[in-house]
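Written out below as structure tokens is the structure these notes cover.
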Amino acid sequence: QVTLMESGGGSVHAGESLRLSCAVSGTTVNTYSMGWFRQAPGKAREGVAVMSPDGSRSYSDSVKGRFTISRDIAANTLILQMTGLRPEDTATYFCAADRVTEWWALITRFTEANFGLFGQGTQVTVSS
């Protein structure tokens, strides 16, 4: 059974940084396509960053240039490094995995926030 456990959320001021981690168990972090999603109160869940097993990456326009998705294969962990945080980044952040690996099918699932497995989430709050 594959499970995902996020950590690293917290409360910061605008302009500061946070590093989110997602511990993967039941599989390896480079077997599945992996992604980060977020959901703010009253809003739909949205894709933030995605990485395919071969290491290809994509980001939403709202975080491009500020957030970086990566993986630590030895630690079996997915990482989201967030810099230049803004109040509008406030949300619950979810790690997710999906079996789809074909790039455009993956991007479609990412855009639709339709991955097969999600973690429980970690809260990120950014104050101005």
Side-chain angles (χ1 to χ4, degrees):
Q1 181 182 358
V2 178
T3 60
L4 309 171
M5 180 65 71
E6 303 93 337
S7 62
S11 296
V12 297
H13 292 100
E16 294 182 343
S17 301
L18 275 176
R19 184 176 185 265
L20 304 184
S21 295
C22 173
V24 179
S25 61
T27 188
T28 56
V29 69
N30 57 337
T31 297
Y32 282 56
S33 292
M34 302 294 299
W36 287 98
F37 296 80
R38 67 186 182 187
Q39 187 167 19
K43 294 189 177 181
R45 186 159 54 193
E46 63 174 353
V48 174
V50 62
M51 176 181 278
S52 66
D54 70 2
S56 299
R57 312 172 199 196
S58 185
Y59 298 89
S60 66
D61 288 343
S62 61
V63 308
K64 201 172 295 182
R66 299 187 297 123
F67 291 10
T68 302
I69 187 171
S70 63
R71 62 193 177 195
D72 183 336
I73 295 174
N76 211 28
T77 298
L78 184 73
I79 297 163
L80 184 69
Q81 181 67 46
M82 305 186 293
T83 63
L85 282 161
R86 305 167 180 170
E88 55 264 38
D89 294 318
T90 295
T92 301
Y93 283 71
F94 299 89
C95 172
D98 198 274
R99 294 180 180 273
V100 169
T101 58
E102 191 280 321
W103 182 249
W104 292 113
L106 175 60
I107 292 300
T108 297
R109 293 203 175 199
F110 171 67
T111 302
E112 295 174 350
N114 185 26
F115 267 36
L117 177 67
F118 286 84
Q120 293 299 305
T122 186
Q123 178 66 35
V124 172
T125 303
V126 185
S127 58
S128 58

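Just so you know, these numbers come straight off a predicted model, no measurement behind them.
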Considering non-hydrogen atoms only, spot the tightest contact between [X] and [Y] and give its length.
{"X": "Leu20", "Y": "Gly9", "answer": "CD2-N, 3.6 Å"}
{"X": "Phe94", "Y": "Arg45", "answer": "CD1-CD, 4.1 Å"}
{"X": "Tyr32", "Y": "Thr27", "answer": "CE1-OG1, 3.5 Å"}
{"X": "Thr31", "Y": "Pro53", "answer": "O-CG, 3.5 Å"}
{"X": "Ala40", "Y": "Thr90", "answer": "CB-O, 3.7 Å"}
{"X": "Gly84", "Y": "Ser17", "answer": "N-OG, 4.4 Å"}

- prompt: Does a salt bridge link Asp61 with Lys64, judged by any charged N lying under 4.0 Å from a carboxylate O?
  reply: yes

Point-to-point distance, once rounded to the nearest 0.5 Å, from [atom1] of [X] to [atom2] of [Y]:
{"X": "Glu46", "Y": "Glu112", "atom1": "CD", "atom2": "CD", "answer": "14.5 Å"}
{"X": "Gln39", "Y": "Thr92", "atom1": "CD", "atom2": "OG1", "answer": "7.5 Å"}
{"X": "Met51", "Y": "Arg71", "atom1": "CE", "atom2": "CZ", "answer": "5.5 Å"}
{"X": "Met5", "Y": "Ser21", "atom1": "CE", "atom2": "OG", "answer": "12.5 Å"}
{"X": "Asn76", "Y": "Asn30", "atom1": "CG", "atom2": "CG", "answer": "7.5 Å"}
{"X": "Glu102", "Y": "Thr108", "atom1": "CD", "atom2": "OG1", "answer": "8.5 Å"}

ILVMFWY network linking [X] to [Y], side-chain heavy atoms under 4.5 angstrom:
{"X": "Val24", "Y": "Ile69", "answer": "yes"}
{"X": "Val50", "Y": "Ile73", "answer": "no"}
{"X": "Leu78", "Y": "Tyr59", "answer": "yes"}
{"X": "Val29", "Y": "Val2", "answer": "yes"}
{"X": "Val48", "Y": "Leu106", "answer": "no"}

Measuring only between side-chain heavy atoms, which start at C-beta, is [X] closer than 4.5 Å to [Y]?
{"X": "Ser52", "Y": "Thr101", "answer": "no"}
{"X": "Phe118", "Y": "Cys95", "answer": "no"}
{"X": "Val124", "Y": "Asp89", "answer": "no"}

Under 3.5 Å: donor-acceptor pair, side chain of [X], backbone of [Y]:
{"X": "Glu6", "Y": "Gln120", "value": "yes"}
{"X": "Thr77", "Y": "Ala23", "value": "no"}
{"X": "Ser33", "Y": "Val100", "value": "yes"}
{"X": "Asn114", "Y": "Arg109", "value": "no"}

- prompt: Between Ser25 and Thr3, does any side-chain donor sit less than 3.5 Å from a side-chain acceptor?
  reply: yes

- prompt: Taking the inter-plane angle between the rings of Phe67 and Tyr93 on a 0 to 90° scale, is it parallel (under 30°), tilted (30 to 60°) or perpendicular (over 60°)?
  reply: tilted

- request: Kindly indicate, with the supporting measurements, whether the criterion side-chain contact (heavy atoms from CB on, under 4.5 Å) is fulfilled by Arg38 and Val63.
  value: CA-CA 11 Å; Arg38 67 186 182 187; Val63 308; 3.9 Å; yes

- prompt: Do the two ring centres, one from Phe37 and one from Phe110, sit under 6.0 Å apart?
  reply: yes

